[in-house]
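One structure is given below, encoded as structure tokens.
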Amino acid sequence: GGQKFMSEPTPGPWANASVWIAGLVGFAVPVFTLMCFVSWQRRQDAERFKAPQDEKLLRPPGYSLSLREDKLMDDMLDHLMQSCLAGAFAGLFLRHVWLNTWQGPLLVAVMMFAISVIPVTGFAIHQWRKAWRKREELRRVRLGLRGEQAVAETLTEVAEFTYRAFHDLPRGKDWNIDHVVVGPRGIHVIETKTQRKLTNAERDQPNRVRHDDKTLYFPNGEDRNAIPQARRNAKWVAEFLEKKTGEPVATQPLVVIPGWYVERLEKSGDSLGVMTTKYLKKYLANQPMSWPNHSGDGSSLPWRSCAAM
């Protein structure tokens, strides 16, 4: 007799339906429910809860960065859940298209693939890429937060020289001053610059940052913003305190780089200081007394400057 060929088995409608139901119940519905719950919980927290203190509190070091860290974590979770949800639907669409290629014309299958699988898969990849970018930004924010905390820890050690430190002073929508140190030895406005150190595999030279009056030169790149930013911050603080106290106020801009060796390329008359956290305490302790006759009763300029902050 003639040879018989077995054709590809065609699943019935209930087989296709069972796959969709299993995918929805087992993955898509839980992910969608979690997304809705997280969104609802955020709204509830914003509307129903408030801080127990009514008085204004001083900000801790890196407060703005900690808020940014929380926001990035929430955004990254949202993008990941949307990517997973879209990926699940893309898989279900792909299986549906694949099974129906045995039942109808190839052109219909191609059109179904183009209409359903490609857009949903593209959306899943797009959300995954956004989550990855949020992760990279989160790493930078955490690095900056750790740097500001390191500087703040050093500033606690200069309290014995009657300095008082203020952290994370908000001055605008996307602008804050990392640290302001006020005392009888002057008012110092600190811009923290935190840079990842090189690993042993990357290191062709020591972890040393060189600088001139405008730029920080790291082994893996340059920073042209930190030094000008420190000067702008110091100028703003001087103008702000002069308005509040009614007297001219001099401020000293500083750039502090935790964990790096700092080397100046050229000497100039610029008063801006660039240093590491290890040298910061010594630098502040050795500053001359700007107000030698200050008193601790709140009447001298340093203490009125503290109240104005």
Side-chain angles (χ1 to χ4, degrees), residues 61-62 64-65 136-137 139-155 157-158 161 163 165-169 171-172 174-183 185-239 249-288 290:
S64 296
L65 290 178
E136 292 300 307
E137 186 177 354
R139 290 178 59 188
R140 294 191 295 270
V141 166
R142 285 175 172 170
L143 184 66
L145 176 60
R146 184 168 182 174
E148 291 193 24
Q149 291 172 342
V151 174
E153 185 173 329
T154 300
L155 294 178
E157 301 175 5
V158 299
F161 304 106
Y163 280 112
F166 299 85
H167 310 288
D168 198 78
L169 301 176
R171 299 298 97 193
D174 297 315
W175 175 31
N176 70 294
I177 299 174
D178 295 340
H179 315 275
V180 177
V181 189
V182 181
R185 289 175 170 81
I187 300 174
H188 305 273
V189 182
I190 299 175
E191 173 73 12
T192 302
K193 177 62 184 178
T194 312
Q195 181 79 4
R196 182 181 67 89
K197 282 188 174 182
L198 301 178
T199 62
N200 291 332
E202 298 172 316
R203 188 184 302 172
D204 295 328
Q205 51 185 314
N207 285 305
R208 178 181 291 110
V209 54
R210 297 174 172 86
H211 72 94
D212 51 28
D213 292 341
K214 298 180 180 179
T215 307
L216 301 175
Y217 300 95
F218 292 92
N220 55 348
E222 300 178 358
D223 188 306
R224 299 179 179 271
N225 297 321
I227 292 178
Q229 182 66 44
R231 291 195 179 98
R232 287 193 297 268
N233 290 348
K235 180 181 179 181
W236 187 94
V237 171
E239 294 173 351
V249 176
T251 56
Q252 169 69 37
L254 299 176
V255 176
V256 179
I257 310 171
W260 286 73
Y261 297 102
V262 178
E263 177 183 335
R264 189 174 185 87
L265 292 177
E266 57 186 28
K267 294 183 179 181
S268 68
D270 192 355
S271 61
L272 182 139
V274 180
M275 64 196 68
T276 183
T277 47
K278 292 183 178 179
Y279 183 69
L280 179 60
K281 178 181 178 181
K282 181 180 178 181
Y283 175 85
L284 294 176
N286 290 333
Q287 294 302 296
S290 301

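The model shown is predicted, which means the values in this text are computed figures rather than measured ones.
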Do [X] and [Y] come close enough that some side-chain heavy atom pair is under 4.5 Å?
X: V256; Y: Y279; result: no
X: H188; Y: Q287; result: yes
X: E136; Y: R140; result: yes
X: I227; Y: D213; result: no
X: I190; Y: D178; result: no
X: W236; Y: T251; result: no
X: V151; Y: P258; result: yes
X: Q195; Y: V209; result: no

Rounded to the nearest 0.5 Å, how far does CZ of R171 lie from CD1 of I177?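 Interatomic distance, I177 CD1 to R171 CZ, rounded to 0.5 Å: 6.0 Å.
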
In Å and rounded to the nearest 0.5 Å, what is the OH to CZ distance from Y217 to R210?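 Atom-to-atom, Y217:OH and R210:CZ are 11.5 Å apart.
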
After noting the C-alpha distance and the side-chain angles of R231 and L272, does the key distance pass the side chain to side chain contact (heavy atoms under 4.5 Å, CB included) rule? CA-CA 8 Å; R231 291 195 179 98; L272 182 139; 3.7 Å; yes

Knowing that exactly one of H211, M275, K193 qualifies, which makes a side chain to side chain contact (heavy atoms under 4.5 Å, CB included) with I257?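 It is K193, the one option of H211, M275, K193 that forms the side chain to side chain contact (heavy atoms under 4.5 Å, CB included) with I257.
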
Name the residue from V158, V181, L155 that meets the side chain to side chain contact (heavy atoms under 4.5 Å, CB included) definition with L280.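 The single option meeting the side chain to side chain contact (heavy atoms under 4.5 Å, CB included) with L280 is L155.
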
Can Y163 and L284 be said to form a side chain to side chain contact (heavy atoms under 4.5 Å, CB included), step by step? CA-CA 9 Å; Y163 280 112; L284 294 176; 3.8 Å; yes

Flag if over 12 foreign heavy atoms under 6.0 Å of CD, E157: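 Count over threshold, so yes.
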
Taking D168 for its side chain and S64 for its backbone only, find out whether a donor-acceptor pair lies under 3.5 Å.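 Yes.
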
Determine, stepwise, if the pair T276 / W260 fulfils side chain to side chain contact (heavy atoms under 4.5 Å, CB included). CA-CA 6 Å; T276 183; W260 286 73; 5.7 Å; no

Taking all atoms of both residues into account, what is the closest heavy-atom pair of V180 and V182, and its distance?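 What the structure gives for the nearest pair is CG1-CG2, 3.9 Å.
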
Residue pair A230 / P253: nearest heavy atoms and the distance that separates them: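 Where A230 meets P253 most closely, the heavy atoms are O-CB, 3.5 Å.
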
Establish, from distance only, whether the side-chain atoms of R232 and Q229 form a donor-acceptor pair under 3.5 Å.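 On atom types as modelled, these side chains qualify, holding a pair under 3.5 Å.
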
